[in-house]
Amino acid sequence: MKFMKLGSRADTFYATEAVRSVSSEVSSDLIIQVKGSRYLLHKFPLLSKCLRLQRLCSEYQESSNHHIIQLHDFPSSVEAFELCAKFCYGITITLSAYNIVASRCAAEYLQMTEDVEKGNLVYKLEVFFNSCILHGWRDSIATLQSTKAFPLWSEELGITSRCIEAIATKVLTNPSKVSLSHSYSRRGRDDIVSCNGSESLRHNSRPAGRGWWAEDIAELGIDLYWRTMIAIKSGGKIPSSLIGDALKIYAARWLPKISKNECDHRQAASDSDSDSANDLTSKHRLILESIVSLVPVEKGAASTSFLLKLLKAANILNASSSSKMELARRVGLQLDDATVNDLLIPSASCESDTRYDVDIVMTILEHFLQQGQSPPTSPPRSKLGFERRRSRSAENIDFEFQESRRSSSASHSSKLKVAKIIDVYLREIARDVNLSLSKFIAIAEAIPEFARLDHDDLYRAIDIYLKAHPDLNKSERKRLCRILDCKKLSMEVCMHAAQNELLPLRVVVQVLFFEQAKAAMAGGKVTELPSNIRALLASHNIDPSKPPPSLSNASIVPAEDQWSVSGLKSPKSKTSTLRMKLDEDDDLDDNDMHPDGLGRNSKLKSLCSLPAKPKRMFSKLWSINRTSSEKN
């Protein structure tokens with residue numbers, strides 16, 4: 001840290017009880033009261049340099065030799081007043097980045113300007129500030145931090161703005177051209193050099209990384225930090241990704257960590273000290289909202305994980321709805337980079353029914369899907385029979401077209417990735433007993449149909465939801481299972497679904513039907529399918545002439561949700577389970593028609609026309625069908 005010494009006399013100030021005096025052969029003739037401290041001083045050295053003291057003394061009557069001058073509105077500290085007094089006596093004083101703001105405010109208040117005496121304290125402080133403080137990195141930050149104690153005077157004197165400008169200039173300058181040392185706040189001791197000296201070379205060996213400044217300015221309060229970052233961003237030389245990294249460092253420094261049991265944490269904090277907890281929450285809320293306002297507009301400037309952590313904090317701290325919506329919008333632009341754990345955002349209040357904020361995730365998903373990602377159409381080809389020479393503009397158009405195709409392809413792949421993330425997210429929130437069926441279905445249906453290459457994870461989420469909500473009636477279970485496409489289930493999932501007692505009967509029938517149809521097609525017996533079965537396949541968009549595509553079942557399943565397929569029952573047991581479900585399904589009317597126009601019995605009869613292999617699977621089902629037919 002740089003410093004400057006003024007004066008040559010030894011320090012002769014001493015204290016007697018609550019009074020500060022100066023040792024002198026001449027008795028004191030001036031009493032000054034400053035913030036509870038009394039000083040016994042002399043008129044001549046002080047009045048010769050302080051215009052305010054001259055005017056105050058002239059207001060008192062000359063009848064008394066001692067004048068008690070009250071400085072009620074003194075803007076600085078008692079130490080700063082004593083420093084100014086010592087300067088008047090010629091006593092040696094030391095100025096540095098830590099006391100220059102207080103000294104400058106005190107000298108300005110006492111009007112120690114050039115109008116009173118040449119080379120007065122205000123002039124010397126300005127020279128030191130402009131020539132030394134503003135040229136040093138650590139000095140500028142330390143001085144800027146000290147302005148917090150005197151905000152109004154620092155603003156009026158231009159100290160704050162000049163420090164911010166100096167810091168921003170150094171950040172925007174090539175680090176190799178700036179003489180810097182490690183952050184003053186992270187060193188075991190301060191490096192002190194005179195104003196005319198220079199910092200040692202070994203301290204200038206700081207790594208010249210592009211983000212070297214982020215940790216240093218993270219020590220600033222949020223008001224000063226916000227203004228400094230605005231000045232840095234306005235320079236236009238720092239990449240938006242570095243701005244995002246700097247905001248992440250500041251958030252880690254000042255925002256509280258979000259625990260898994262945040263409701264208990266908030267309740268304990270409020271019970272311990274309500275007023276202090278509210279003040280701390282208000283402070284954190286201001287920091288959070290300021291950080292959100294500083295996030296660059298460019299996509300990817302801040303990582304998705306960081307934005308979602310801010311969104312979690314916004315819920316915990318009850319931040320403004322505008323900040324939440326802005327974060328949700330930014331996350332929606334890059335949702336394909338999110339993880340399921342990041343999306344598990346705690347509810348805004350502990351009184352909320354649900355554990356996680358599902359509504360904000362739905363908002364994020366809507367912003368993601370609103371992005372213009374429709375695949376472009378190919379430019380029209382020339383109808384002429386001969387090939388013309390291509391112009392440069394045509395080549396540019398083709399180049400832009402290819403670029404748009406690439407971006408469209410990336411958008412399509414991002415939707416596939418988001419679909420997988422949301423399905424796993426549904427598995428996590430399905431365990432919440434307070435999660436409504438409508439919200440679960442709304443999130444599941446928000447994903448475009450083409451984005452789900454398979455429905456395995458969606459089926460697992462439905463299975464978990466059914467287990468966590470055993471009170472669902474049959475109508476609600478049917479409504480839940482309508483979002484499931486049985487044609488997109490893997491063999492493993494189909495085997496589990498065929499024995500799942502929680503599923504509606506129609507879902508089990510569909511699973512068995514499509515699985516046997518796929519098995520028949522895979523066995524090369526497609527041409528033997530009767531016309532009624534072909535009609536059923538066509539109604540479900542299955543082309544009998546083409547084998548079904550392979551389905552992925554490589555998703556990771558938690559241990560408690562894994563299924564054992566090694567001990568599955570035989571097809572005989574499987575149809576027995578189906579028969580039991582048919583007996584229990586008393587609420588299904590015989591006249592209940594399928595959407596494709598086939599009644600329950602007619603659909604089962606159509607299954608009888610399946611080839612030999614499917615017939616073995618449905619033998620028990622046929623017997624039930626025959627019995628009902630004979631009765632009719």
Side-chain angles (χ1 to χ4, degrees), residues 4 6-7 9-126 128-129 143 145-160:
M4 181 176 70
L6 299 175
R9 292 182 55 190
D11 189 355
T12 56
F13 272 67
Y14 66 95
T16 304
E17 296 180 355
V19 179
R20 292 283 292 174
S21 304
V22 60
S23 178
S24 175
E25 298 177 354
V26 181
S27 60
S28 61
D29 55 356
L30 182 64
I31 303 175
I32 299 178
Q33 189 78 20
V34 182
K35 295 185 176 182
S37 298
R38 178 167 293 185
Y39 284 86
L40 300 181
L41 303 173
H42 302 84
K43 290 183 179 180
F44 172 73
L46 269 73
L47 300 187
S48 63
K49 289 182 172 58
C50 303
L51 182 59
R52 181 179 287 270
L53 293 181
Q54 290 181 22
R55 293 173 179 174
L56 291 175
C57 286
S58 63
E59 295 176 359
Y60 288 87
Q61 298 179 357
E62 299 294 336
S63 58
S64 176
N65 292 329
H66 291 273
H67 303 288
I68 301 178
I69 299 177
Q70 300 282 348
L71 302 181
H72 299 290
D73 55 347
F74 188 72
S76 192
S77 60
V78 175
E79 293 77 12
F81 172 80
E82 186 170 319
L83 187 144
C84 292
K86 289 180 178 179
F87 174 79
C88 295
Y89 281 97
I91 297 174
T92 302
I93 60 174
T94 302
L95 299 171
S96 68
Y98 294 109
N99 64 2
I100 188 172
V101 176
S103 302
R104 180 67 178 85
C105 294
E108 187 70 21
Y109 175 84
L110 295 173
Q111 298 179 358
M112 303 176 69
T113 62
E114 295 295 286
D115 297 335
V116 183
E117 183 180 86
K118 295 295 183 181
N120 213 343
L121 184 57
V122 169
Y123 170 77
K124 294 183 180 297
L125 289 174
E126 282 294 321
F128 175 62
F129 180 71
T143 303
Q145 279 190 306
S146 64
T147 60
K148 293 186 299 182
F150 322 103
L152 297 179
W153 280 79
S154 298
E155 289 290 350
E156 184 176 349
L157 297 174
I159 299 175
T160 305

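All residue numbers refer to positions in the sequence shown, counting from 1. Since we're looking at a predicted model, the values are computed, not measured. Excluded from the calculations below are hydrogen atoms, water molecules and symmetry mates; all remaining heavy atoms, backbone and side chain alike, are included.
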Check whether any side-chain heavy atom of [X] lies under 4.5 Å from a side-chain heavy atom of [Y], and answer yes or no.
{"X": "L30", "Y": "L46", "result": "yes"}
{"X": "L83", "Y": "L95", "result": "yes"}
{"X": "T113", "Y": "L51", "result": "no"}
{"X": "L53", "Y": "L47", "result": "yes"}

*Can you tell me how far CD1 of I68 sits from CG of L40, rounded to the nearest 0.5 angstrom?*
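Output value for this atom pair is 9.5 Å.
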
*NZ of K148 to OG1 of T160: how many Å apart, nearest 0.5 Å?*
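Those atoms lie 12.0 Å apart.
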
*Just jot down the salt bridge (Lys or Arg N to Asp or Glu O under 4.0 Å) partners of E79, sequence neighbours excluded, or say none.*
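For E79, no residue satisfies salt bridge (Lys or Arg N to Asp or Glu O under 4.0 Å) once neighbours in sequence are set aside.
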
*Where do L56 and L71 land on the side-chain contact (heavy atoms from CB on, under 4.5 Å) test, with the steps shown first?*
CA-CA 10 Å; L56 291 175; L71 302 181; 3.7 Å; yes

*Neighbour count above 12 (heavy atom, 6.0 Å) for Y123 OH*: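 No, the 6.0 Å shell around OH holds no more than 12 heavy atoms from other groups.
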
Closest approach of [X] and [Y], non-hydrogen atoms and distance?
{"X": "L110", "Y": "C84", "result": "CD1-CB, 3.9 Å"}
{"X": "C88", "Y": "M112", "result": "SG-CE, 3.7 Å"}
{"X": "S77", "Y": "A102", "result": "OG-CB, 4.2 Å"}
{"X": "H42", "Y": "V22", "result": "CE1-CG1, 3.5 Å"}
{"X": "T143", "Y": "V101", "result": "CG2-CG2, 3.5 Å"}
{"X": "P45", "Y": "S48", "result": "O-OG, 2.9 Å"}

_Quick test of your reading: applying side-chain hydrogen bond (donor to acceptor under 3.5 Å, both in side chains), list the pairs with at least one residue in residues 10-24, sequence neighbours left out, ordered by first then second residue._
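Qualifying pairs, neighbours excluded: D11-K86, R20-E82.
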
*Give the C-alpha distance, both sets of side-chain angles, the deciding distance and a yes or no for side-chain contact (heavy atoms from CB on, under 4.5 Å) between L152 and E156.*
CA-CA 6 Å; L152 297 179; E156 184 176 349; over 6 Å; no

*Run the side-chain contact (heavy atoms from CB on, under 4.5 Å) check on F150 and R104 step by step: do they pass?*
CA-CA 10 Å; F150 322 103; R104 180 67 178 85; over 6 Å; no

Within the side chain of [X], is there an N or O that forms a donor-acceptor pair under 3.5 Å with the backbone of [Y]?
{"X": "T92", "Y": "R9", "answer": "yes"}
{"X": "E114", "Y": "G119", "answer": "yes"}
{"X": "N120", "Y": "D115", "answer": "no"}

*Evaluate side-chain contact (heavy atoms from CB on, under 4.5 Å) for I69 paired with C57, printing each intermediate quantity in order.*
CA-CA 8 Å; I69 299 177; C57 286; 3.3 Å; yes

_Against the six-membered ring of Y109, is R52 placed for a cation-pi contact (under 6.0 Å from the centre, within 45° of the normal)?_
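Yes, R52 and Y109 form such a contact.
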
*Applying ring pair (Phe, Tyr, Trp, His ring centres under 6.0 Å), name anything that partners F81, two or more places apart in sequence or on another chain.*
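For F81 the ring pair (Phe, Tyr, Trp, His ring centres under 6.0 Å) partners, ignoring immediate neighbours, are Y39, F74.
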
